[in-house]
Amino acid sequence: MKTILKISAALSVLALSVNPAFADDWLTSVKRTVASKQSYPRTAQMRGEEGTAKVKIYISASGQIQKAELAESSGSTALDKEAVAMMSRVGNLPTPPAGTSSVVLPLTWKLI
């Protein structure tokens with residue numbers, strides 16, 4: 001059974017009044033960094049659970065994730081827990097272009 005992990009981001013960055021191209025580059029870097037830590041929880045795989053969980057992360061001016069919270073459930077407890085827990089594995093993110101920011105990241109798990 002193949003597993004596909006997909007991460008996309010709906011931008012909800014606070015105070016982003018800088019060059020839009022730079023902000024897009026920053027968001028792309030954030031998505032890439034977070035995606036590198038995404039894994040499919042074994043229990044969710046075994047149960048055939050799929051879905052998209054939206055996680056809101058609060059990022060300090062230095063790029064540290066200060067807080068992560070579930071913004072929208074995937075419908076799977078295992079996937080929701082993984083979405084929030086993986087933020088502690090991410091480490092530092094690129095420095096936000098406008099200082100302290102928050103971003104909502106949709107994290108998708110799909111079995112093929």
Side-chain angles (χ1 to χ4, degrees):
M1 176 183 292
K2 278 189 176 177
T3 303
I4 292 184
L5 300 176
K6 178 183 171 192
I7 183 168
S8 58
L11 183 60
S12 161
V13 178
L14 302 176
L16 243 159
S17 57
V18 296
N19 180 339
F22 184 65
D24 288 344
D25 290 345
W26 175 77
L27 183 58
T28 299
S29 295
V30 168
K31 292 181 339 187
R32 195 174 317 127
T33 302
V34 171
S36 72
K37 301 300 181 186
Q38 189 172 359
S39 62
Y40 216 119
R42 186 101 174 120
T43 56
Q45 276 185 312
M46 300 297 286
R47 293 181 190 143
E49 296 175 348
E50 300 178 329
T52 299
K54 292 183 180 178
V55 177
K56 184 170 187 176
I57 56 174
Y58 298 85
I59 307 160
S60 71
S62 65
Q64 182 180 29
I65 296 176
Q66 296 177 318
K67 180 180 173 184
E69 61 190 22
L70 188 65
E72 187 176 314
S73 175
S74 67
S76 162
T77 302
L79 296 179
D80 292 348
K81 285 181 181 179
E82 174 61 16
V84 174
M86 69 184 275
M87 296 306 151
S88 65
R89 298 190 305 265
V90 169
N92 280 350
L93 294 170
T95 304
T100 302
S101 298
S102 69
V103 179
V104 175
L105 297 174
L107 304 167
T108 300
W109 288 268
K110 183 164 179 76
L111 295 169
I112 293 182

A side-chain contact here means heavy atoms from C-beta on lying under 4.5 Å apart; do S62 and N92 qualify? no
Write down the atom of L79, the atom of E50, and the distance for their closest heavy-atom approach. CD1-C, 3.6 Å
Among T52, V34, V84, which one satisfies side-chain contact (heavy atoms from CB on, under 4.5 Å) with L107? V34
Under 3.5 Å side-chain donor-acceptor pair for S74 and S76: no
So, does W109 use its side chain to make a donor-acceptor pair with the main chain of E49 at under 3.5 Å? no
Ignoring hydrogens, what is the shortest heavy-atom contact between P96 and S101? Give both atom names and the distance. CB-OG, 3.6 Å
Starting at CE of M87, measure out to CD of Q66 and round the result to the nearest 0.5 Å. 14.5 Å
Taking every non-hydrogen atom, the tightest pair across G75 and S73: N-OG, 2.9 Å
Between the OG atom in S102 and the CD1 atom in I57, the distance rounded to the nearest 0.5 Å is 9.0 Å
Tell me whether S39 contacts the main-chain N or O of K37 through its side chain, where contact means a donor paired with an acceptor under 3.5 Å. no
Non-hydrogen atoms of P94 and V30 that approach each other most closely: CD-CG2, 4.2 Å
Could you grab the distance from atom CG of L93 to atom NZ of K31, nearest 0.5 Å is fine? 13.5 Å
NZ of K54 to OG1 of T108, rounded to nearest 0.5 Å, is 9.5 Å
Reported CD-to-NZ distance for the pair E69 and K56, which is rounded to 0.5 angstrom: 6.5 Å
Nearest heavy-atom pair of A78 and A44: which atoms, and what distance? CB-CB, 4.1 Å
One should read off an interatomic distance between D24 CG and S29 OG, to the nearest 0.5 angstrom, of 11.0 Å
Say whether E82 and Y40, considering side chains only, have a donor N or O and an acceptor N or O under 3.5 Å apart. no
Could you pull out the closest heavy-atom pair between V55 and A83, with the gap in Å? CG2-CB, 3.4 Å
